[in-house]
Colleague: 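This is the structure, below, for whatever I ask next.
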Amino acid sequence: MKKKFTIYLLHLSHTDVGYTDTQEKMKAHHIAFIREVLQLIKKNQQFVWNCESYWCVQQFLRVASKQEKAEFIAAVNSGNIGLSANYLNLTDLVPAYVQNEIMQECSAERAEMGLTAKSAITADINGYSWGYADILAQNGVENLMSCIHTHHGYHPLFKKQAPFYWESPQGKRILCWNGDHYNLGNELGIAQAAWFEYTLQDGMTSMQGSDFEKAVKRINAYVSSLLGQKYPYTFAPVSLSGNMTDNSPPSLKILEFVQLFNSQSDDIQLKMCTLDEFFTRLMNESEEIPVYSGDWTDWWADGIGSTPADVIQYRNAARSFHVMQKMKCKEKEQLQPYYYETLHNLMFYGEHTWGYSSSITEPFHPQVNNLDQWKRLYALKASEAVVIMRENVQQSLGETAISLHKTLKLRAVNPHTVHFVGMFTCDLEHFYGYSHFEVIDDESGDSVPFQISSYSRGPKICIWLSLAPGQTKTFALKELPERPLVSAGRRAPTGIEGINDLYWRLCEDLENGGCISIDGIENKFFKIDFEIGKGISSIYSKQEEKELINIQYPYAAFTPVYEVTDRDITEDYLQVRRNMGRNRKAARTHRSEGKLYDVKVLENGMLYSRSELKYHMDGVQECSLIVTAYKLTPKIDFDFRVHKNSIWEPENLYLALPFTAQEIFIDKAGAILRPRIDQLPGTCVDFYAVQNGVAFCQEDSSVLITTPDSPLVSYGTLKAHPIKLMGEGSTNCDEVYSWVMNNFWETNFKASLGGFYQFSYSLNLMQGSSIAEIFKTGEALNENVLQFYMFNE
């Protein structure tokens with residue numbers, strides 16, 4: 001007797017918070033959906049619902065009555081409601097230390113109710129950081145279903161509807177089902193709410209016949225298609241919503257359709273089920289399931305580049321939160337409210353929705369601007385809460401208000417488990433009575449190197465730091481005798497206008513630590529050459545006697561590159577984007593390389609030399625790169641400043657990172673990996689969202705480029721090209737760019753990138769370190785140390 005083919009129906013509501021309405025409205029809706037589900041179960045005990053995200057459950061539990069909680073727990077235990085351990089549909093923006101803590105909190109909440117969540121489901125997003133597999137395993141999650149979305153993305157393994165074991169960096173295994181679109185069941189007609197063709201594209205929507213008749217034909221065709229492609233199972237999962245839209249309510253019509261269809265079908269059976277029920281069926285099969293290891297690279301990650309100003313705020317708050325974790329703020333009762341407020345807002349901002357559904361086509365619409373502000377609010381609330389927490393911690397360590405009657409001191413505290421070498425910087429409007437001084441280490445009494453810079457309100461003091469893990473250092477200013485009055489003498493080292501451009505003077509400066517001119521910067525670590533029209537043409541490591549820039553690549557180091565794609569005569573603002581497919585650009589895309597036209601010498605002191613490089617480039621009003629080369633460590637900072645024009649057409653802005661490497665590594669949430677090597681087959685190899693930076697490694701040393709403000713990294717040529725996937729021959733050592741910003745997505749990315757920005761980077765030359773040590777150091781450099789002033793009696 002022929003066995004029936006079973007389609008397991010996962011009825012859910014895709015959690016897309018802020019896409020169809022405000023985040024608060026969506027919270028209210030998803031709470032109401034769960035309440036309605038409880039009522040529908042009472043009407044029909046065969047009704048089954050899956051909570052796609054645990055965030056929805058958490059919001060419901062916060063407002064539910066005792067009776068509602070009891071009914072919810074009973075429905076989960078009876079198999080009428082399935083739980084997903086996935087908190088929200090996230091991007092790779094969220095750090096592992098945020099995700100893991102949220103997961104632990106939710107697991108503890110379920111344990112109090114006597115519930116577990118062995119399975120997780122995501123929808124819309126097409127991937128996760130490799131470290132997510134470890135986060136799931138550490139929190140008792142055994143199974144993961146991905147309802148992928150191939151619009152400008154793709155599924156791994158080169159096929160959908162297929163299982164595999166995902167092996168984590170720590171060797172744990174998660175059973176995954178590489179599923180289909182989250183509204184596939186709607187298109188098949190099972191919800192009797194298929195309004196348009198999206199995945200199937202079979203033309204049946206406009207054909208004659210009843211909805212039920214069309215659905216029967218589509219279901220039969222779908223199963224035939226699977227079996228015709230050597231599909232090895234007699235069952236498959238299909239997800240669906242009440243309506244063919246995001247944030248959709250539950251529907252009994254699905255169950256009614258199931259009962260009618262099953263009564264008439266001899267070969268196919270439909271069954272509503274929970275995630276756990278589906279995975280139990282899968283694990284009972286004898287078919288061998290393959291094992292794959294590596295990053296499940298997310299095609300949705302480019303949304304990070306559509307709100308660059310907000311992401312800078314977010315990244316700064318996330319780094320500061322990690323420092324507060326290291327300072328054990330969770331254990332301090334008075335700080336716990338701020339701790340959890342920061343944690344949840346960091347998680348919520350990283351949700352995959354970047355704005356209202358018509359952000360590109362209707363950027364004037366009040367709801368578009370409203371949801372743009374709402375999205376930003378979560379980054380700002382996280383920033384506010386963590387600043388309050390940090391100020392409290394610093395005050396407990398000795399920070400005070402400024403005073404005209406007390407003695408100024410400066411303190412630095414290293415919260416990291418690695419040695420920190422860098423600069424203490426403090427903005428001061430004046431030096432509170434000191435005029436000519438040295439800086440003293442309070443404990444040793446030794447004089448330490450420092451440099452006086454400036455900011456808009458006064459002087460900035462910069463002190464060189466070398467701090468062991470957990471070490472605190474306090475510095476005091478010690479007034480020195482007044483220096484002899486300087487007179488003209490017999491030599492004129494600078495011109496009357498203060499310009500320092502004599503060769504003998506540059507040689508003298510180099511002997512004293514470092515020199516700087518319009519041609520470049522040189523110290524004992526580096527010789528950096530500036531070339532008008534080109535940019536930073538050379539960064540030569542003097543200690544290693546080698547060039548760090550790969551001259552075979554098309555652009556000089558940190559050269560800005562701008563792209564814009566004009567609309568064809570038949571296109572609107574949506575279509576010009578949609579017609580690009582997965583390239584994020586078109587063959588006709590106009591590309592403008594920044595041309596260096598001016599160099600300004602800004603500073604040259606005991607600790608560093610600093611220049612400003614000015615570029616001409618399309619798409620911007622102003623564009624410059626501040627280059628700071630340090631004299632006591634092999635490090636160079638780059639601050640990219642841009643006044644970006646407001647352009648409605650699709651744009652990209654990059655900075656070139658053309659560094660020589662034998663192997664390239666990046667760090668993502670919870671994992672360090674080699675792009676195009678440590679990835680699942682069939683995943684994206686064109687861009688990645690990193691946590692701390694990119695390491696260009698050779699046998700004897702590595703160049704670590706930290707990217708604290710701009711997480712996206714573009715890989716390979718900037719030209720439009722056929723999209724290769726992982727396993728199709730792309731190399732690990734290829735062109736690399738910091739992908740600073742974009743407004744590519746045709747629905748809910750922010751249309752305008754206009755405004756004033758500064759993005760910071762640093763180049764760190766590291767020798768004899770393991771790749772784990774390199775990124776641990778990069779994390780410490782990005783997070784910096786606690787540093788503040790204190791006024792004592």
Colleague: When rounded to the nearest 0.5 angstrom, what distance separates CD in Q451 from CD1 in I463?
Modeller: 12.0 Å
Colleague: Check ring pair (Phe, Tyr, Trp, His ring centres under 6.0 Å) between Y338 and all other residues, then give those that pass, not counting sequence neighbours.
Modeller: none
Colleague: Only one of E101, Q325, Q336 clears side-chain hydrogen bond (donor to acceptor under 3.5 Å, both in side chains) with K330; which?
Modeller: E101
Colleague: Looking at residues at least two apart in the chain, or sitting in another chain, which of them share a side-chain hydrogen bond (donor to acceptor under 3.5 Å, both in side chains) with T417?
Modeller: none
Colleague: Using distance alone, with no hydrogens and no angle criterion, decide if Q373 and N370 have a side-chain donor and acceptor under 3.5 Å apart.
Modeller: no
Colleague: Test ring-ring contact (aromatic ring centres under 6.0 Å, His included) on Y339 and F321; report intermediate values, then the result.
Modeller: CA-CA 8 Å; Y339 185 92; F321 178 73; 4.9 Å; yes
Colleague: Give me the atom names and distance for the closest heavy-atom approach of G350 to Y314.
Modeller: N-CE1, 4.4 Å
Colleague: Got a sec, which residues hit ring pair (Phe, Tyr, Trp, His ring centres under 6.0 Å) with F72, two or more places apart in sequence or on another chain?
Modeller: F60
Colleague: Spell out, as yes or no, whether a donor-acceptor pair under 3.5 Å connects the side chain of R110 to the backbone of T116.
Modeller: no
Colleague: Under the rule for salt bridge (Lys or Arg N to Asp or Glu O under 4.0 Å), what residues qualify as partners of K375, not counting sequence neighbours?
Modeller: none
Colleague: Are a donor atom and an acceptor atom from the side chains of K750 and N369 found within less than 3.5 Å of each other?
Modeller: no
Colleague: Can you find a pair of side-chain heavy atoms, one from F475 and one from K473, that are under 4.5 Å apart?
Modeller: yes
Colleague: Find out whether S611 and I521 are in side-chain contact, i.e. whether some heavy atom of one side chain is under 4.5 Å from a heavy atom of the other.
Modeller: yes
Colleague: Pick from R315, K326, R319: which one makes a salt bridge (charged side-chain N to carboxylate O under 4.0 Å, His left out) with E783?
Modeller: K326
Colleague: According to side-chain hydrogen bond (donor to acceptor under 3.5 Å, both in side chains), who are the partners of Y789, at least two apart in sequence or on a separate chain?
Modeller: none
Colleague: Nearest 0.5 angstrom please: F696 CZ to L657 CG, how far?
Modeller: 5.0 Å
Colleague: Under the ring-ring contact (aromatic ring centres under 6.0 Å, His included) definition, can you give me all pairs with a residue in residues 379-417, not counting sequence neighbours?
Modeller: none
Colleague: Going by heavy atoms in the side chains, are R457 and E429 under 4.5 Å from each other?
Modeller: yes
Colleague: Just jot down the side-chain hydrogen bond (donor to acceptor under 3.5 Å, both in side chains) partners of S762, sequence neighbours excluded, or say none.
Modeller: T706, N764
Colleague: How would you list, by chain and number, every residue that makes a ring pair (Phe, Tyr, Trp, His ring centres under 6.0 Å) with H419, sequence neighbours excluded?
Modeller: none
Colleague: Do the side chains of E24 and K27 get close enough for a salt bridge, i.e. N-O under 4.0 angstrom?
Modeller: yes
Colleague: Kindly state whether the ring of W55 and the ring of F348 have centres lying under 6.0 angstrom apart.
Modeller: yes
Colleague: What's the separation between atom CD in Q394 and atom CE in M327, rounded to the nearest 0.5 Å?
Modeller: 9.0 Å
Colleague: Is the backbone N or O of I135 less than 3.5 Å from a side-chain atom of N139, with the two atoms forming a donor-acceptor pair by type?
Modeller: yes
Colleague: Could you pull out all residues at least two apart from Y97 that satisfy side-chain hydrogen bond (donor to acceptor under 3.5 Å, both in side chains)?
Modeller: none
Colleague: Under the ring-ring contact (aromatic ring centres under 6.0 Å, His included) definition, can you give me all pairs with a residue in residues 450-471, not counting sequence neighbours?
Modeller: F437-F450
Colleague: Answer whether the closest heavy-atom distance between the side chains of K668 and T297 falls below 4.5 Å.
Modeller: yes
Colleague: Once side-chain contact (heavy atoms from CB on, under 4.5 Å) is applied, do any residues pair with S444, and if so which ones, sequence neighbours excluded?
Modeller: D441, D446
Colleague: Classify the side-chain pair S624/R641 by whether it contains a donor and acceptor separated by less than 3.5 Å.
Modeller: no
Colleague: Nearest 0.5 Å, please: how far is OH in Y132 from CD in Q99?
Modeller: 6.5 Å
Colleague: For residues S84 and Y54, is any side-chain donor paired with an opposing acceptor at under 3.5 Å?
Modeller: no
Colleague: In this structure, is the centre-to-centre distance between the rings of Y434 and Y432 below 6.0 Å?
Modeller: no
Colleague: Name all residues meeting the ring pair (Phe, Tyr, Trp, His ring centres under 6.0 Å) criterion together with F775; count only those two or more places apart in sequence or in a different chain, and write none if there are none.
Modeller: none
Colleague: Hey, are D709 and Y757 close enough side-chain-wise for a donor-acceptor pair under 3.5 Å?
Modeller: no
Colleague: Go through the side-chain N and O atoms of E603 and Y608 and say whether any donor and acceptor fall under 3.5 Å apart.
Modeller: yes
Colleague: Ignoring hydrogens and angles, state whether a donor on the side chain of Q104 or Q138 is under 3.5 Å from an acceptor on the partner side chain.
Modeller: no
Colleague: With a 4.5 Å cut-off on side-chain heavy atoms, are V703 and L763 touching?
Modeller: yes
Colleague: For the aromatic rings, using the six-membered ring if either is Trp, is the centroid distance between F638 and Y761 under 6.0 Å?
Modeller: no
Colleague: List the steps and the verdict of side-chain hydrogen bond (donor to acceptor under 3.5 Å, both in side chains) for T122 and N86.
Modeller: CA-CA 7 Å; T122 67; N86 187 60; 5.6 Å; no
